[in-house]
Structures are given as C-alpha cells and as structure tokens.
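First comes the structure, then the notes that go with it.
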Amino acid sequence: MPKPPTSILIVDDDQIVADSLAAFFTNEGCTARAVYTPHDALAELDATPYQVLLTDLNLPTMTGIDLLRKVKANSPSTAVILLTGYGAIETAVEALRIGAVDFLTKPVVDEELRLALQRALQQHEVLSENATLRTRIATIQATDNTLASIVGTDPRMRHIFETIQAVAASRTTVLMTGESGVGKSLIAGAIHNTSPRAAAPYVELACGSIPETLLESELFGHVKGAFTGAHADKEGKFLAANGGTLFLDEINSASPAMQLKLLRVLQERKFEPVGSNETIEVDVRVVLASNQPLEDLVASGAFRQDLYYRINVVQIEVPPLRDRTADLPALAQHFLDQQSKELGRHFVGFSDEAMQLLKSYPFPGNVRELSNIIERASVLTKGLTITAEDLPPSLRAADTSVPTQTVPSTDDWTPMTLADALKDPERQIILSALIANDWNRTLTAEVLDINRTTLYKKMKSLNIDPDDHAQAG
Ligand SMILES: Nc1ncnc2c1ncn2[C@@H]1O[C@H](COP(=O)(O)OP(=O)(O)OP(=O)(O)O)[C@@H](O)[C@H]1O
Ligand SMILES: [Mg+2]
C-alpha cells in the first residue's frame with residue numbers, strides 16, 4: 001500500500017507567506033493547507049489530525065508559543081515547527097522546551113524547510129507511538145481495576161479472569177453458568193467494562209421476569225399504536241444496547257416464544273419493532289447467564305437445542321463457593337472492608353472461631369449469602385472484630401467441625417424428657433436438610449420422609465426461620 005501523503009497545516013497571518021509555503025509543500029507531495037489565524041488552526045486540528053504544524057511566531061490574538069502549548073495539549077502527536085521573522089534565541093529555547101521540533105528564521109530556504117519537515121515527521125512517529133502506548137496502558141489499567149473488584153485466587157477463578165481478558169476485545173457471545181449468587185452478574189459486568197465497548201451502554205434483562213405479552217416489545221421495542229396501550233414509540237433492549245453489551249440473565253427461564261425470538265436476533269443481529277416494517281440492525285455483544293445447566297434443559301426438551309448451540313460459544317462456569325473455600329477469607333475481608341466504608345467504622349477482621357465457622361459452612365447461597373452474613377455481622381457487632389456470636393445461628397448450628405454425636409456421659413446428664421432432649425438434634429438435622437436443598441421445603445420434606453405440613457410445623461416449633469439465614473435473594 002502506498003504511504004498516504006504527509007499532512008501539514010500552515011499558519012501565518014501574512015496570507016502571501018502562508019499560501020506560498022502551502023504551495024511549496026504541495027509541490028513536495030504533501031497535503032498542505034494554509035490558515036491565517038490561530039483559531040482557524042485549532043479548529044482545523046480538531047477536525048483533522050495533521051502530522052505537522054508550521055506556524056509563524058507572531059500571530060494576532062495568540063502568540064505562536066501559546067498556540068504551540070495548546071496544540072501539545074490537544075493534539076499531542078502533531079509535530080510543530082515555528083517560524084519567525086527575526087532570531088530570538090530565548091523564544092527559540094522556550095519553544096523547543098515546550099516541544100517544538102524546530103525553530104526557523106525567515107527568510108527560509110527550501111532546503112531548510114525540507115530538513116525541518118523530515119525531523120518533524122520523525123518526531124511525529126515517536127509521538128504517535130507514545131500515544132498508542134498510553135491508550136494501551138490506560139486500557140490495561142482499566143482492566144486491572146475492573147478485575148480487581150472480583151476477588152479470587154482459586155485456579156478456576158484465575159482461569160475465568162484469563163477468559164474475560166481473552167474475549168474482551170471481540171463480540172463473541174459468552175454464556176455463564178453457575179448456581180445463584182456465585183458472581184455471574186458481576187462477571188458479565190466485567191466483560192463489558194474490560195471491552196472496547198465499556199463507554200457504550202450495558203443493558204440487563206432478566207428473561208424469566210417478562211410476561212409473555214410484553215416480551216416482544218421489551219426486546220425489540222414498538223411503534224406508537226402497535227397495540228392497545230402503546231401510546232408512544234418505545235425502544236427495546238436490543239436497540240438500547242446498540243454499540244454496547246446486552247446481558248440476558250436467567251436465560252434458562254426464557255419461555256419457548258422468547259427462545260424462538262432470541263434465536264433469530266442472535267443469528268442476524270436484526271429485528272423489527274412491534275408494529276413496524278422497518279428492520280433494525282444492531283451491533284450488540286450478548287452475554288448470557290443460566291443458574292441451571294442448559295445441557296440438562298436441552299435434554300429434557302425445555303430449551304431449544306439450536307439456541308443452545310447459538311449461545312454456547314464461550315462458556316464460563318463459575319464454581320460454587322463451597323468448592324473454592326481457599327477464597328473465602330479474602331472474600332469475607334473484602335465484604336468487611338466494604339462495610340467499613342459503608343458504616344464509617346474500621347473493622348479489623350474476624351476472630352479465629354468466626355473464620356472457622358465461615359470456612360466450615362456450605363454456603364448454599366454462595367458469595368451473595370456470604371456478603372449478606374458479613375453485612376449482618378458488621379451491623380450487629382459491638383467491637384471491630386467479627387466474632388462467632390455475630391454470625392447467624394444457622395451458621396453456628398450447621399458447624400460440622402464440632403462433633404454432634406458425642407458419646408453420652410452420665411456426668412453431664414440433666415434430667416429432661418426425651419422430647420426435650422431430641423429438640424436440639426432434630427433442629428440440626430432439619431436445618432442441614434433445608435440448607436442442602438436450597439430451602440426448598442418440598443424437597444426437604446421428601447428427603448426427610450415427612451410431609452410438608454409436618455416440616456412447616458417443626459420449623460415453627462424449633463424456631464427455624466429462613467430470614468435468619470441470609471439466604472440468596
Ligand atoms: N468473586 C467475587 N468477588 C467479589 N464480590 C463477589 C464475587 N462474586 C460475587 N460477588 C458479589 O456477590 C453478590 C452476588 O453475585 P452476583 O449477583 O454476580 O451473582 P449471580 O451469579 O449473578 O447470582 P444470580 O444467579 O442469583 O443472579 C454480588 O453482590 C457480587 O458483587
Ligand atoms: Mg445475577
């Protein structure tokens with residue numbers, strides 16, 4: 001490919017000088033333009049990037065030095081050559097210090113102009129490389145900051161960070177799977193924020209939450225009068241996310257109708273708003289999350305296989321918190337630090353016993369549950385260290401590190417009825433079963449082989465309250 005001609009902007013209030021310099025550089029094969037005021041020069045530079053600016057030192061309304069300063073601030077990669085009617089050594093030194101590449105004294109001979117242009121082009125090249133490097137560094141720093149807000153050193157989490165970085169620059173569809181509260185939404189946001197789309201919109205849509213009748217309009221928008229109640233044009237989520245990222249959450253709960261609609265738009269990135277014939281094309285990066293393995297849903301016929309293939313390009317599986325307990329102390333500290341900021345208190349950390357309890361708890365609600373537990377503890381605690389007493393009773397009851405089946409000894413037996421003696425173990429068994437089944441009462445009753453009403457009654461009499469357990473919301 002032939003190199004594009006060198007672009008040079010010439011500023012001189014003496015129009016004859018400016019025009020003849022422009023003619024000289026045009027003759028040399030450059031794209032040259034002459035303007036006669038510093039304001040026109042700045043406006044021109046704003047509109048078009050020039051490689052070189054050649055300016056007279058003595059201009060009306062603004063000196064060449066001031067113009068140089070402005071150009072260095074606004075168009076840092078434009079190389080500047082100054083031109084003056086008389087030699088002024090101090091001004092020349094000042095100009096070079098600010099970043100001018102050369103300082104020529106009128107009348108200039110052609111050879112001087114050619115040499116100055118060569119030097120200016122060399123400087124321009126270095127300056128543009130610097131500018132590219134600086135943007136690259138800025139992007140890396142932004143990526144670091146975004147990823148730093150996701151706590152985790154577990155190898156699987158580190159692999160997730162690598163994947164986020166690897167896919168950031170592209171428009172590749174990313175599917176996230178993992179239990180509720182593991183951090184899928186957080187990661188979806190990170191994918192957007194580390195991508196070149198970061199400045200464009202990030203739009204979220206929970207697929208299960210839209211009533212069938214509003215679905216199409218929600219996704220694609222509608223025009224005024226498209227249906228009863230459509231009083232004005234409405235923009236859908238796909239258009240709202242144009243240029244940016246659309247996060248389709250809970251994709252596993254998308255209805256069959258929604259799945260079909262999504263299939264087309266994901267294939268073609270095109271759609272028509274409800275009531276309109278106009279086809280709209282969008283540039284949207286789609287990130288999806290499912291809190292159930294989609295393969296299972298495909299196998300059972302609840303999820304379209306073609307849609308599954310379409311969205312399963314890059315899959316990120318976020319492991320449950322109980323499978324990465326090594327990350328637990330750092331996560332707990334992270335949430336405690338957040339509380340310190342929120343409450344204006346300087347929490348120190350956790351007592352050994354509290355940390356032990358946290359580590360042995362299975363966290364059915366994952367990171368969200370941990371976050372809720374820390375929030376609750378930091379509000380309740382009297383001191384600046386979170387102790388076992390500040391943790392919810394469920395956590396203490398579920399502690400498996402304390403053996404529950406101690407060999408009975410006659411020494412510590414206090415007379416009580418069998419019913420009373422059985423209360424504590426019964427409470428623990430029911431609580432553990434509830435936690436293991438994500439607080440699903442039907443499943444828990446089934447596992448324990450009691451009926452649901454009995455379970456409810458026992459929960460009530462044994463004082464088992466789901467609200468105490470900061471479960472996933
Ligand atoms: N690794 C992590 N580091 C810091 N905070 C985290 C991390 N993972 C999750 N969180 C926090 O935990 C909470 C729950 O995470 P998030 O909402 O992303 O979960 P989710 O997987 O989207 O859950 P759901 O399936 O219910 O939508 C959020 O407040 C999030 O900021
Ligand atoms: Mg979420």
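One-based numbering, in listed order, for ligands and for the atoms of each. Everything numeric here is computed off the predicted structure, so don't read it as measured data.
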Just let me know how S371 lines up against ligand 1, side chain, backbone, both or neither, with a heavy-atom cut-off below 4.0 Å. neither
Is G181 close enough to touch ligand 1? Criterion: a residue heavy atom under 4.0 Å from a ligand atom. yes
With only distance considered, is M157 within less than 3.5 Å of ligand 1 through an N or O on each side? no
Output yes when R197 and D283 qualify as a salt bridge under the 4.0 Å nitrogen-oxygen rule, no when they do not. yes
For a distance under 2.8 Å, tell me if S185 has an N/O/S atom near the Mg ion (ligand 2). yes
Determine whether F220 and V265 satisfy the following criterion, side-chain contact (heavy atoms from CB on, under 4.5 Å), listing intermediate values before the conclusion. CA-CA 9 Å; F220 309 126; V265 69; 4.0 Å; yes
Checking heavy atoms under 4.0 Å, the part of H334 that sits near ligand 1 is side chain
From the options L321, V367, V182, N291, select the one whose nearest heavy atom is closest to atom 10 (N) of ligand 1. V367
E218 with K234: basic N within carboxylate O range, under 4.0 Å: yes
Testing Q267, K261, Q259 one by one against L263 for a side-chain contact (heavy atoms from CB on, under 4.5 Å), which residue passes? Q267
Do the side-chain N and O atoms of Q333 and D337 include a donor-acceptor pair separated by under 3.5 angstrom? yes
Proximity of S149 to ligand 1 by residue part, where a heavy atom lies under 4.0 Å: backbone
Ligand-residue contact atoms, ligand 1 with V151, heavy atoms, under 4.0 Å: 1 (N), 2 (C), 3 (N), 4 (C)
Does an N or O from S180, backbone or side chain, lie closer than 3.5 Å to an N or O of ligand 1? yes
Is it true that K382 and E389 have a side-chain N and a carboxylate O under 4.0 angstrom from each other? no
Which heavy-atom pair separates Y50 from E44 by the least distance, and what is that distance? OH-OE2, 2.7 Å
Can you tell which part of L331 has a heavy atom less than 4.0 Å from ligand 1: side chain, backbone, both or neither? side chain
Salt-bridged, D420 to K423, with N to O below 4.0 Å? yes
Looking only at distance, does F335 have an N or O less than 3.5 Å from an N or O of ligand 1? no
